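The block underneath contains the structure these notes are about, expressed in structure tokens.
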Protein chains: 2
Amino acid sequence: MKRITIYDVAKEADVSLATVSRVINGSDVVREDTRVKVQEAIEKLGYKPNAIAQGLALQKTTTIALIVPEASYFYTGQIINGLIDVAKIYKYNIMLHTTTEGITEMNDIIENVIKSRVDGVVIFNDKLNKEELNQLTTYQIPIVVIGNRMSDETVGSVYVDYAKLACDYANECIRNGKTDIALIEDRKNPAMIKQLRDGLSRAFKENGMEFSGYIEIPKEYRSSYLFLKEYVKTNPRKDVVITYRDSQAMAVLNVAKEEGVDIPNDMELVCILDSKYNSMARPQISGFKIPDYDLGAVAMRLLTKMLTDENDVVDKEIELSYIFTPRQSTK
Amino acid sequence: MKRITIYDVAKEADVSLATVSRVINGSDVVREDTRVKVQEAIEKLGYKPNAIAQGLALQKTTTIALIVPEASYFYTGQIINGLIDVAKIYKYNIMLHTTTEGITEMNDIIENVIKSRVDGVVIFNDKLNKEELNQLTTYQIPIVVIGNRMSDETVGSVYVDYAKLACDYANECIRNGKTDIALIEDRKNPAMIKQLRDGLSRAFKENGMEFSGYIEIPKEYRSSYLFLKEYVKTNPRKDVVITYRDSQAMAVLNVAKEEGVDIPNDMELVCILDSKYNSMARPQISGFKIPDYDLGAVAMRLLTKMLTDENDVVDKEIELSYIFTPRQSTK
DNA sequence: TTGAAAGCGCTAACAC
DNA sequence: GTGTTAGCGCTTTCAA
């Protein structure tokens, strides 16, 4: 089957290609009968406009690039879902790029993104390099960052204030006499952990104390579970343990159960990134409902705004809130 | 910043645009000194070739469309990872499309895919309509389907034979006297469940029996957990319960624990789609290691083959195998 | 080895 | 209302 172009349709309908173009773009200056005539020709030939040619002519691709970490948690999936749902509304297509742990191919991706002439970029990545973003801004590509708050003028950002979250929660704990709080490292999400840690430090400082409950997982341990299993034997019990991901929380739960530590009576457990698995664990794990879907959706909405409103969008920094969901692992 | 085109580079380097084109495409007919001259001009101007224009001129976009269900399990994520890793090798970009439960916008997606002139399509979707695929084949777009075996001549497919998996496993159970096998419905993945059911039926037939252990979850129950909680009270205990996803297996585990059913002694539990959560549950849930990552990787490899080898690719149907991973929920 | 020019398929002034 | 035509940025013969 030969590729059908706008010329073929024009010939078939016996009009000029400009008229066909007008029809497919819904221009209202076309007379009804010619519109119908063209429409029929399109139907008959099975013509589909070539988005690439349109992109070239219009200097816009109605495509945005989405850059996410390869590690696919449920969380990331939800962000993508939210983003795509909004993208669909505005007819944007998504080019998906993933960054692989360790390998600094971010530059390759950026290069790729520039070449592909997408209209905008959404980046969700724990480790984000300002320099790399600069590349994009040099090429005038609108950017929205998810997760990291950016103070830059040109990039938008949608995020959750984990520091505040941690600070507030710690304050609450301290108020209730629970001062022995532990935060477990998450190698995959250092930036998030840093925010949490900062928040905890702040809370302790506000209460005239110093936060010292950060638990690093030595490189030689392949999983938090394995490490904690050892750790718990030689270290005093905490009042509250905070983990970032559900799997770490489950590791804590398992270790506790195996070592005879009663949760929540001997020790409380909170997981920052709530997930359905938290409620399937026994005892059910308390967590913070982080608006993952919304992070994606709002980011995309912000980007479309930046893409359409020539005059700068007023609020490029959007903070989303969270909700604490108490379950059985906390009192 | 004005958009830098190949003309700007040509002027800067004082050569024709044809030469610049040759340089960026690594043609070896260019004399070294002019190559360097052009290279410098490119560097100086920060020129990046416009992939859209290239796509138009070359009639190929080096982009493939990936269609996956919106519901983001870990599994889907892994498939995407595998696919992207291979796509990177061959320099392909990914256009991500998701299908939403219920809403039959598959046609919209297909339409979109055709317009975007991607070089090929990979589809992973439980509910797959042959008609919709036909659209794509009409437009000569190479397709690879993940998960469903397709007998079609033009589409490739990469899949796991769940029927065989179920049949073999059931045979093994029956051989050991465990004939009371239950398979729990999964509304999100009817096609997979059908395959499993077929496999079980076959095994029972082979043993002169009939499979009657399919457990449907009535619409009014919001989760398998809630339903099973009721179900278990009025129904006899099974020998073996099979679920498709980890969350269903965990539901079974929780119900069993709460109702005083000892797993694996009173009843065994197997989850088809293994995941890390299975090994975090207690008792750890036995499962089949389905090669999710490979499904994606192999699918992409197959597609690139179909894209490059003009003469038909010999083997367009690729079956991947699985490994049973016994843990604590089976004896 | 390099350049000139004809497309690739479409849009958008500008004419008529 | 509709047609003509000049791009959009690049590749690729065909000449030189």
Side-chain angles (χ1 to χ4, degrees), chain A residues 1-39 41-42 45-63 91 112 114-119 139-140, chain B residues 1-39 41-42 45-63 91 112 114-119 139-140:
Chain A
M1 180 182 131
K2 177 189 168 299
R3 298 194 114 96
I4 307 291
T5 75
I6 198 167
Y7 289 97
D8 302 314
V9 178
K11 197 181 297 170
E12 176 72 29
D14 197 30
V15 295
S16 79
L17 71 166
T19 301
V20 179
S21 174
R22 290 189 185 102
V23 171
I24 57 182
N25 291 301
S27 162
D28 47 3
V29 303
V30 186
R31 212 196 306 134
E32 183 58 17
D33 58 331
T34 70
R35 207 188 59 70
V36 171
K37 201 168 55 176
V38 172
Q39 208 55 271
I42 289 177
L45 301 176
Y47 166 72
K48 307 276 181 197
N50 181 330
I52 299 300
Q54 287 180 318
L56 187 59
L58 288 175
Q59 301 273 60
K60 80 191 284 295
T61 52
T62 42
T63 296
K91 311 277 186 198
N112 209 299
I114 294 170
K115 287 183 183 168
S116 63
R117 297 296 195 272
V118 292
D119 298 336
Y139 285 87
Q140 319 237 63
Chain B
M1 181 180 130
K2 178 188 168 297
R3 298 196 114 94
I4 307 291
T5 74
I6 198 168
Y7 288 97
D8 302 315
V9 178
K11 196 180 297 170
E12 176 73 29
D14 198 31
V15 295
S16 80
L17 69 167
T19 302
V20 178
S21 174
R22 290 191 186 100
V23 171
I24 59 183
N25 290 302
S27 162
D28 46 5
V29 302
V30 185
R31 211 196 307 135
E32 182 59 15
D33 58 331
T34 69
R35 207 188 59 68
V36 171
K37 200 167 57 175
V38 171
Q39 208 54 271
I42 289 177
L45 300 176
Y47 167 72
K48 307 275 181 198
N50 182 330
I52 299 300
Q54 288 179 317
L56 187 59
L58 289 175
Q59 301 274 60
K60 82 191 283 296
T61 51
T62 42
T63 296
K91 311 276 185 197
N112 209 299
I114 294 171
K115 287 183 182 168
S116 63
R117 297 296 194 271
V118 291
D119 298 336
Y139 285 88
Q140 321 235 63

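When reading the values below, keep in mind they use all heavy atoms of this one structure, side chains included, and skip hydrogens, waters and symmetry mates. Residue numbering restarts at 1 for every chain, and letters A, B, ... go by the order of the sequence lines. Everything numeric here is computed off the predicted structure, so don't read it as measured data.
For the pair Asp8(B) CG and dC8(D) P, the interatomic distance rounds to 11 Å; values are reported in whole Å. Atom CG of Asn25(B) and atom C1' of dT12(D) are 10 Å apart (whole Å). In this structure, Ile52(A) atom CD1 and dT11(D) atom C1' are separated by 15 Å, rounded to whole Å. For the pair Ile24(B) CD1 and dG9(D) P, the computed distance is 13 Å after rounding to whole Å. For the pair Asp14(B) CG and dT1(C) P, the interatomic distance rounds to 19 Å; values are reported in whole Å. In this structure, Gln54(B) atom CD and dT12(D) atom P are separated by 10 Å, rounded to whole Å. Between the C1' atom of dT2(C) and the NZ atom of Lys11(B) lies a distance of 19 Å, rounded to the nearest Å. Distance CD1 (Ile42(A)) to P (dG9(C)): 16 Å, rounded to an integer number of Å.
Residues Arg35(A) and Val30(A) are in side-chain contact: their nearest non-hydrogen atoms beyond the backbone lie under 4.5 Å apart. A 4.5 Å side-chain heavy-atom check between Val20(A) and Val15(A) finds at least one atom pair inside the cut-off. Lys48(A) places a side-chain heavy atom less than 4.5 Å from the side chain of Arg117(B).
With distances taken from any side-chain atom of Leu56(A) to the nucleotides dG9(C), dG3(C), dT11(D), the minimum falls on dG9(C). The listed nucleotides are dT2(C), dT4(D), dA4(C); the one nearest the side chain of Ala18(B) is dA4(C). Candidate nucleotides dT4(D), dG7(D), dC8(C) were compared by shortest atom distance to the side chain of Leu17(A), and dT4(D) ranks first. In the set dG1(D), dT11(D), dG9(C), dT11(D) carries the atom at the smallest distance from any side-chain atom of Ser21(B). Of the candidate nucleotides dC14(C), dT11(C), dG9(D), dC14(C) has the atom lying nearest to any side-chain atom of Arg22(A).
Under 4.0 angstrom from either OP1 or OP2 of dG1(D) there lies no side-chain N or O belonging to Thr34(A). Between Thr19(B) and dG3(C), a side-chain N or O to OP1/OP2 separation shorter than 4.0 Å is present. Contact check, Gln59(A) against dG9(D): a side-chain N or O comes under 4.0 Å of OP1 or OP2. Between Ser16(B) and dT2(C) there is no side-chain N or O to OP1 or OP2 distance below 4.0 Å.
Within the 4.0 angstrom heavy-atom criterion, only backbone atoms of the sugar-phosphate kind lie near Val15(A); the bases stay farther away. At the heavy-atom level, Thr5(A) lies under 4.0 Å from the strands shown only through sugar-phosphate atoms. Contact annotation for Val29(B): base contact, defined as any heavy-atom pair under 4.0 Å involving a base atom.
Listed for the Asn50(A) side chain is a donor-acceptor partner under 3.5 Å among the backbone atoms of Ile52(A).
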Working for side chain to side chain contact (heavy atoms under 4.5 Å, CB included), residues Ser21(B) and Ile6(B): CA-CA 7 Å; Ser21(B) 174; Ile6(B) 198 168; 3.9 Å; yes

Side chain to side chain contact (heavy atoms under 4.5 Å, CB included) evaluation trace for Gln59(A) with Arg3(B): CA-CA 10 Å; Gln59(A) 301 273 60; Arg3(B) 298 196 114 94; 4.2 Å; yes

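Take the nearest nucleotide of DNA chain C for Asp33(B) and for Arg117(B): the residue whose nucleotide is more 5' is Asp33(B). Heavy-atom nearest nucleotides on DNA chain D were determined for Tyr7(A) and for Val30(A), and the one closer to the 5' end corresponds to Val30(A). Between Arg35(A) and Asn50(B), the residue whose closest nucleotide on DNA chain D is further toward the 5' end is Arg35(A).
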